[in-house]
S.K.: 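Take this structure first; my questions come after.
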Amino acid sequence: MALVPGEIYPELVLGKVPDPAPEGVDFPGAAVEPHLLGQLKGKHKLVLGLAQDEIGYILPKRLWDAKAPWSYGRKDAPYGEINSLRPETAPLLLPLYGKLTR
């Protein structure tokens, strides 16, 4: 079981971060974080978000889009970035789960 202290994007749980990155994102060359389910051991796996704390949205750095032009042809800034700590949240947080499950 993984307890996540915020609202994690499904791409980080399932390992579905786009490669290559969409046009317009701020960090298209950012490394893809290790996905959460791939780090959990055992037959049954459970991810519980909003556990322990609420640090905001946890999104892949590669999808971070706080500066125009906006990705996916949007006319406005996406919602997640203004409710996230910073682009480095997922790169700092996700590798920790692998260390905890070994």
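Just so you know, these numbers come straight off a predicted model, no measurement behind them. Excluded from the calculations below are hydrogen atoms, water molecules and symmetry mates; all remaining heavy atoms, backbone and side chain alike, are included.
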S.K.: Search all heavy atoms of P5 against all heavy atoms of Y97 and return the closest pair with its distance.
M.R.: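 So the minimum-distance heavy-atom pair works out to CD-OH, 3.6 Å.
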S.K.: When clusters are formed by joining ILVMFWY residues with side-chain heavy atoms under 4.5 Å apart, either directly or through shared neighbours, do L85 and L12 land in the same one?
M.R.: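 Yes, one cluster joins them.
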S.K.: Show the nearest heavy-atom pair for residues E54 and G6, with the distance to one decimal.
M.R.: OE1-CA, 3.6 Å
S.K.: Transitively linked via ILVMFWY side-chain contacts under 4.5 Å: I8 with L92?
M.R.: no
S.K.: Running the 4.5 Å side-chain criterion over Ile, Leu, Val, Met, Phe, Trp and Tyr, what cluster does L50 land in, apart from itself?
M.R.: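 Hydrophobic cluster check, L50: no partners found.
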S.K.: If we only count heavy atoms from C-beta on, is the K45 to V13 side-chain gap below 4.5 Å?
M.R.: no
S.K.: Using the rule that Ile, Leu, Val, Met, Phe, Trp and Tyr join whenever any side-chain heavy atoms are under 4.5 Å apart, tell me whether Y9 and V25 fall into a single cluster.
M.R.: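 No, Y9 does not connect to V25 through the hydrophobic network.
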S.K.: Any idea which heavy atoms bring P95 and A90 closest together, and the distance?
M.R.: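 Minimum heavy-atom separation between P95 and A90: CD-O, 3.9 Å.
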S.K.: Which atom names give the shortest non-hydrogen contact between A2 and L40, and what distance separates them?
M.R.: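 It is CB-CD2, 3.9 Å.
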S.K.: Can V32 be reached from L14 by stepping across I, L, V, M, F, W or Y side chains whose heavy atoms are under 4.5 Å apart?
M.R.: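 Cluster IDs for L14 and V32 match.
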S.K.: Other residues, nucleotides and ligands only: do more than 12 of their heavy atoms fall within 6.0 Å of CD on E88?
M.R.: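 For E88, atom CD is crowded (more than 12 foreign heavy atoms under 6.0 Å).
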S.K.: Using residues 55-68 as the side-chain source, report each donor-acceptor pair under 3.5 Å to any protein atom, sequence neighbours left out, with the distance given to one decimal.
M.R.:
from : atom 1 : to  : atom 2 : distance (Å)
R62  : NE     : A30 : O      : 3.1
R62  : NH1    : P18 : O      : 3.3
R62  : NH1    : D19 : OD1    : 2.9
R62  : NH2    : A30 : O      : 2.8
D65  : OD2    : S71 : N      : 2.7
D65  : OD2    : S71 : OG     : 2.9

S.K.: Is there a path from F27 to L94 through hydrophobic residues (I, L, V, M, F, W, Y) whose side chains come within less than 4.5 Å of each other?
M.R.: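 Cluster IDs for F27 and L94 differ.
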S.K.: Among all residues two or more places apart in sequence or in another chain, which pass the side-chain contact (heavy atoms from CB on, under 4.5 Å) test with L3?
M.R.: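 Partners of L3 under the side-chain contact (heavy atoms from CB on, under 4.5 Å) test: M1, L48, A51, Q52.
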S.K.: I'd like to know if the side chain of Q39 reaches the main chain of G98, judged simply by a donor and an acceptor atom lying under 3.5 Å from each other, with no hydrogens or angles considered.
M.R.: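 Answer holds: yes.
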